[in-house]
2 protein chains.
Amino acid sequence: MTQTPDTETKILEAAYEVFIENGFDGTRMQQIADKAGINKALLHYYFRSKQLLFNKIFVNAISKFIPNLISIFMNSELSFFDKIRQFTYQYIDILSKEPFIPIFVLSELSRNQNNLLDNFSKTLGQPVKIVKETIKEELQNEYEKGNIIKIDIESFMINMLSLCIFPFVAKPIIKIAIFNMNEEAYDKFIEKRKKEVGEFIINSIKTK
Amino acid sequence: MTQTPDTETKILEAAYEVFIENGFDGTRMQQIADKAGINKALLHYYFRSKQLLFNKIFVNAISKFIPNLISIFMNSELSFFDKIRQFTYQYIDILSKEPFIPIFVLSELSRNQNNLLDNFSKTLGQPVKIVKETIKEELQNEYEKGNIIKIDIESFMINMLSLCIFPFVAKPIIKIAIFNMNEEAYDKFIEKRKKEVGEFIINSIKTK
DNA sequence: GTCTATAATGTGATAGAC
DNA sequence: GTCTATCACATTATAGAC
């Protein structure tokens, strides 16, 4: 069933792990070669340069950082509050399976070398724009129906993303410095947030 | 009035800028020397190694990342809700003056080289513990008085920190990929959050 | 204290045999 | 496609003159 993957795949898998753990500057081509079980020369044979290999990995990481959860907000079967519940639950669930993606993506983007942001916009600009418009309308509708208070689309989206993503970005601080948690306690904390964050957001915008 | 700072100060100031912009791995000692207007050898004369110089900078950065806002939650003159308002306002205000501190600190901590986290705990473990206990009591009090819903200290603190810090960590994405803001629009967005975040949190925990 | 020169090593990338 | 050997250069760190 599970046959040995071809060399290109082995390289990509190894590169993914090493880059995400160490970042672009902290990664050595030798590390990737070792982890893939090949030699450095082959890396260059397949991907020409460190930068090009990194770019492949980064595009992949972005798609995990902003996964395809857009459909949730497009699903007209659901109430607005249920959309919030589902989105936060599923997003935190996805991130919890690859908890280092957020800090990796955000930290590389903030270095702003090359054209990482262009990649980002190219891949996700359009879908993000559509969700934004959809949610904006929905916020307006719910406000007019008297269900929620007035809130900007920008504030709403950033608040929701903050509450989902930040606990992963700040994992080391949360675990050690703030709450003195072990890995198990941290996992429980995240697990609890899957249900909690949605309710927190709903409470904050619901009319009394 | 403004006299030329001594060499050690010039080095520290230059190192601060370069490290925060590029991270440990992305920084070259030559860059620091150039920015400080001296040569590389002097860096080693004053600080022995890149790692030791970095550690000095990092401790400084941490103190800006978790500034002394503890007093706000200790101030018994203020109502609990006003403490939330003041803390969020002032924290966002401080971060907005050094917006790259959060991503720098969090990204270096997540690499987890050396003993950065130990530094962190040593510097801030005790004060953080005290605030945590103080807020915990206050949450309990307000709950018993029927003013707020039941919420864990962990959830409450992380929610508050998420909403304050994340917009800085994710600045490039927010600006370009999500909202297509220019620098001015982003600044306005942050300015607005200073007042907004407190109300958002209060709404989310206030009993109806 | 500050400089120039250089050691010692690391690192991305390529040449060329198989 | 895959390997070994090696180039070319960058980078931390030190030696030693002034």
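Chain identifiers are assigned alphabetically (A, B, ...) following the order of the sequence lines, protein sequences preceding nucleic acid strands; residue numbering begins at 1 within each chain. What you see is a predicted model, and the numbers here were worked out from it, not measured in a lab.
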Q. In whole angstroms, how far is the C1' atom of D:dT12 from the CD atom of B:Q51?
A. 12 Å

Q.
Please report the distance, rounded to the nearest Å, between CZ in B:F47 and P in D:dT12.
A. 16 Å

Q. Whole Å only: how far is the NZ atom of A:K10 from the C1' atom of D:dG1?
A. 11 Å

(Q) Salt bridge or not between B:E138 and B:K83? Use side-chain N to carboxylate O under 4.0 Å. (A) yes

Q | A:L43 CG - D:dC3 P separation (whole Å) | A | 10 Å

Q: Report yes if at least one side-chain N or O of B:N39 is closer than 4.0 Å to OP1 or OP2 of C:dT2; otherwise report no.
A: no

Q.
Treating B:D6 as the side-chain partner and B:T9 as the backbone partner, does any N or O pair qualify as donor plus acceptor under 3.5 Å?
A. yes

**Q.** Spacing between A:D34 atom CG and D:dC3 atom P, to the nearest angstrom
**A.** 12 Å

Q: Measure from the side chain of B:H44, starting at C-beta and using heavy atoms only, and say which of D:dA13, C:dA13, C:dC3 lies closest.
A: D:dA13

Q) Considering only side-chain heavy atoms of A:Y45, which listed nucleotide, D:dC3, D:dT2, D:dA15, is closest? A) D:dT2

Q. So does B:E183 pair up with B:K175, basic N to acidic O under 4.0 Å?
A. yes

Q. So which one's nearest nucleotide on DNA chain C is more toward 5', B:T7 or B:K40?
A. B:T7

(Q) Whole angstroms only, please: what is the CG-C1' distance between A:D25 and D:dA10? (A) 14 Å

Q. Side chains of B:Q30 and B:D34: do they bring a donor and an acceptor to under 3.5 Å?
A. yes

Q: Would you indicate, yes or no, if C:dG12 has its OP1 or OP2 atom less than 4.0 angstrom from a side-chain nitrogen or oxygen of A:S49?
A: no

Q) Out of D:dT2, D:dT14, C:dT2, which has the shortest distance to the side chain of A:Y46? A) D:dT2

Q | Protein-nucleotide distance (B:L42, atom CG; D:dA15, atom C1'), rounded to Å | A | 14 Å

Q) Expressed in angstrom and rounded to an integer, what is the separation of A:Q30 atom CD from C:dG10 atom P? A) 11 Å

Q. Among C:dG12, D:dT12, D:dC3, which nucleotide sits nearest the side chain of B:M29?
A. D:dT12

(Q) Of the options D:dC3, D:dA13, D:dT11, whose atoms approach the side-chain atoms of B:R28 most closely? (A) D:dT11

Q.
Parallel, tilted or perpendicular, judged at 30° and 60°: which one describes the rings of B:F19 and B:F54?
A. perpendicular

